[in-house]
Amino acid sequence: MKDTTTTAEPAGAVRRSTRDLTKAAVSGWLGTAMEFMDFQLYSLAAAIVFNKVFFPDVSPAIGLIAAMATYGVGYVARLAGAVYFGRMGDRLGRKKVLTITILLMGASTTLIGVLPTYATIGIMAPVLLVVLRLAQGFGAGAEIAGATVMLAEYAPAQRRGLVSSLVSLGTNSGTLAASGLWAVLLAVLSEEQLLSWGWRLPFLLSFGLLLFAVWLRRNLKESPVFEERPDVVDGVAMSRREVESAVTEGKGGDTGLLEAGLKQRKGRAFFLALGLRFGQAGNSGLIQTFLVGYIATELAAERSVPTDAIVYGSLLGFLTVPAVGLLGDRFGRRRMYLALTSLTAVAAFPLMMLITSGSTPALMAGMILGLNIGVLGLFALESVTMAELFGSRTRFTQLALAKEIGGVLATAIGPVLAASLTAATGSWWPIAAMLVVYSLITLVSALLSPETRGRDLVRLEDAV
């Protein structure tokens with residue numbers, strides 16, 4: 001494949017201080033941590049209590065499927081949010097969008113914590129849950145994409161993988177916080193307390209984090225790459241007609257860059273990014289969402305066992321994520337993708353054998369390894385590679401769409417499909433098979449992708 005690597009800094013580059021980079025890094029980490037905390041809070045609640053709180057009049061298996069389906073509804077809203085806010089971010093800048101999205105997300109999550117249950121208002125309870133899940137998803141649809149774009153566009157080219165991995169570390173932090181909260185609740189509350197009021201606490205506690213995140217975002221400077229873009233005038237991107245006019249009339253000194261953006265053939269980079277996303281998203285839905293409920297309901301393990309495994313796996317991820325980011329800077333994105341996806345595919349069945357062995361230590365080891373290899377490691381790569389694949393004119397929109405379409409196809413549908421297949425077969429093997437398929441899709445996409453390490457992110461056209 002053609003290597004598109006370049007580390008040269010363009011003339012006239014907008015510079016940011018180390019303090020600016022630090023604020024951008026904290027903002028990206030915190031916003032993404034909040035998004036994943038919100039969604040992990042929901043996914044764990046869906047797996048552990050929502051089938052009883054909002055769907056109490058059905059069998060345990062059907063209740064789990066219904067709760068997972070409600071979890072998946074948010075991913076449809078995320079797709080709409082990706083389109084709406086992605087286009088806004090490409091036209092008006094990254095900062096404004098990131099402030100709006102975190103407000104939507106946080107408010108919706110807090111309101112879930114005050115919802116009446118099925119026992120109180122009947123069918124309206126799950127209806128309101130779906131409404132809030134839709135609002136939460138609409139805001140989240142561009143949050144992680146925006147944080148990914150912002151941090152990649154702030155980072156120095158030679159350390160872009162490491163700096164961008166902080167977004168992935170945010171997902172890890174959010175998962176850890178949510179799982180830790182649930183682990184504490186499961187440890188100290190009786191089932192009656194948990195079902196009556198305890199499940200509300202994690203959602204209500206997220207409000208304080210929301211206030212700090214909004215304050216931080218409002219004090220963050222705009223992406224230097226957005227300000228450098230040749231098609232941005234006075235903080236607003238030119239329309240295609242305006243760009244064509246500028247190229248025709250030869251206005252300014254960047255007509256060559258503008259013309260390259262106009263001639264870009266769209267589509268290939270997007271589908272490659274979608275394939276790269278598929279493995280991580282699918283594996284995440286299975287390991288972090290479905291297996292938690294499956295272990296508790298089908299394997300009859302203590303409810304705290306899978307949540308503890310997620311906590312320990314997330315702690316290990318604080319080493320895994322930056323290590324993968326550093327290795328990506330050293331050896332390139334493609335090599336790391338090939339290594340991690342191959343390892344995940346090969347290990348899928350052995351890991352599921354550990355998880356279903358009946359041994360608690362083996363179960364936890366299987367989940368911890370699966371989380372770090374097949375989810376967090378791939379996310380660390382995804383955070384930088386997808387940003388480098390796309391040109392600056394449509395980076396936010398394309399990256400958000402690739403992430404969210406991958407989420408709908410893999411993360412949202414995956415747990416529902418896994419619940420249906422395991423119920424139909426009475427076995428765990430469909431879970432392992434799905435892990436293999438997801439990983440192979442990303443493996444093929446990596447083989448077809450160019451090496452993007454160090455690419456000039458100001459360029460308007462995609463890498464392929």
Side-chain angles (χ1 to χ4, degrees), residues 10 13-17 19-36 78 81-106 138-157 160 163-171 213-239 261 273 382-404 455-460 462:
V14 176
R15 297 184 181 277
R16 291 284 186 258
S17 67
R19 182 179 180 183
D20 292 330
L21 176 59
T22 301
K23 290 174 69 174
V26 173
S27 172
W29 164 77
L30 183 60
T32 307
M34 183 173 171
E35 175 190 349
F36 270 72
R78 288 175 71 108
V83 175
Y84 181 80
F85 290 118
R87 295 180 67 182
M88 181 187 295
D90 280 326
R91 185 168 184 272
L92 301 178
R94 319 325 191 183
K95 175 182 173 179
K96 179 180 294 186
V97 168
L98 286 173
T99 302
I100 297 172
T101 55
I102 208 165
L103 274 169
L104 270 176
M105 257 186 350
F138 188 68
E143 166 59 35
I144 193 168
T148 298
V149 168
M150 179 70 96
L151 202 48
E153 291 183 346
Y154 255 87
R160 193 179 290 150
V163 174
S164 297
S165 74
L166 292 176
V167 171
S168 308
L169 208 55
T171 71
V214 170
W215 172 83
L216 186 62
R217 289 275 171 89
R218 287 177 61 86
N219 287 279
L220 181 66
K221 292 181 181 179
E222 181 56 81
S223 155
V225 168
F226 182 81
E227 293 184 351
E228 288 178 48
R229 276 171 47 183
D231 64 331
V232 170
V233 179
D234 296 328
V236 179
M238 293 187 288
S239 67
E382 178 185 302
S383 295
V384 64
T385 308
M386 290 176 67
E388 291 173 331
L389 270 175
F390 298 123
S392 60
R393 183 166 171 82
T394 58
R395 177 172 295 126
F396 200 146
T397 303
Q398 290 201 81
L399 197 154
L401 280 174
K403 279 185 174 291
E404 301 314 322
R455 185 171 186 260
D456 179 7
L457 296 188
V458 179
R459 296 185 66 87
L460 299 183
D462 296 340

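Here the structure is a predicted model, which means the values were calculated and not measured.
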| Test applied, side-chain contact (heavy atoms from CB on, under 4.5 Å); reference residue, Met88; option that passes from Val83, Val97, Thr397 | Val97
| message | Whether Arg455 and Glu388 form a salt bridge (side-chain N of Lys/Arg under 4.0 Å from carboxylate O of Asp/Glu) is what I want to check. | response | no
| Do side-chain atoms of Arg459 reach the backbone of Gly391 as a donor and acceptor pair under 3.5 angstrom? | no
| note | On a heavy-atom basis, the closest approach of Leu457 and Val225 is O-CG1, 3.5 Å
| Approximate separation, where rounding is to 0.5 Å, of Ser392 OG and Asp462 CG | 10.0 Å
| request: Determine the minimum heavy-atom distance between Ile102 and Thr99, stating which atoms define it. | output: CG2-O, 3.4 Å
| message | So which atom in Gly89 and which in Arg94 form the shortest heavy-atom distance, rounded to 0.1 Å? | response | O-NH1, 3.1 Å
| said: Run the ring-ring contact (aromatic ring centres under 6.0 Å, His included) test on Phe85 and Phe138 for me, step by step, so that the C-alpha distance in whole Å, both residues' side-chain angles and the decisive distance to 0.1 Å come before the verdict. | reply: CA-CA 9 Å; Phe85 290 118; Phe138 188 68; 5.3 Å; yes
| note | Result for side chain to side chain donor-acceptor pair (under 3.5 Å) between Ser223 and one of Lys95, Glu153, Arg229 points to Glu153
| note | In terms of heavy-atom contacts, Asp20 and Leu220 come closest through O-CD1, 4.4 Å
| remark: Heavy atoms of Ser164 and Val384 approach each other most closely as CB-CB, 3.8 Å
| Test log, rule side-chain contact (heavy atoms from CB on, under 4.5 Å), inputs Tyr154 and Val163 | CA-CA 9 Å; Tyr154 255 87; Val163 174; over 6 Å; no
| field | Criterion side-chain contact (heavy atoms from CB on, under 4.5 Å) on Glu382 and Lys403, from CA distance to verdict | value | CA-CA 10 Å; Glu382 178 185 302; Lys403 279 185 174 291; 2.5 Å; yes
| query | Distance from Gln398 atom CD to Arg393 atom CZ, nearest 0.5 Å? | reply | 12.0 Å
| task | Would you tell me whether Ser27 and Arg217 have side-chain atoms, one donor and one acceptor, within less than 3.5 Å of each other? | result | yes
| query | Once you round to the nearest 0.5 Å, how far does CZ of Arg218 lie from CG of Leu98? | reply | 13.5 Å
| said: Could you check whether any side-chain heavy atom of Met34 comes within less than 4.5 Å of a side-chain heavy atom of Leu30, counting everything from C-beta outward? | reply: no
| Gap separating the CE atom of Met386 from the CG atom of Leu389, nearest 0.5 angstrom | 8.0 Å
| said: Would you say NZ of Lys23 has more than 12 non-hydrogen atoms from neighbouring residues, nucleotides or ligands within 6.0 angstrom? | reply: yes
| said: What's the separation between atom OG1 in Thr101 and atom CD1 in Ile144, rounded to the nearest 0.5 Å? | reply: 11.0 Å
| query | Taking all non-hydrogen atoms of both residues, which atom of Phe396 and which atom of Gly146 are closest, and how far apart? | reply | CZ-CA, 3.3 Å
| To the nearest 0.5 Å, what is the distance between OG1 (Thr148) and CZ (Arg395)? | 11.5 Å
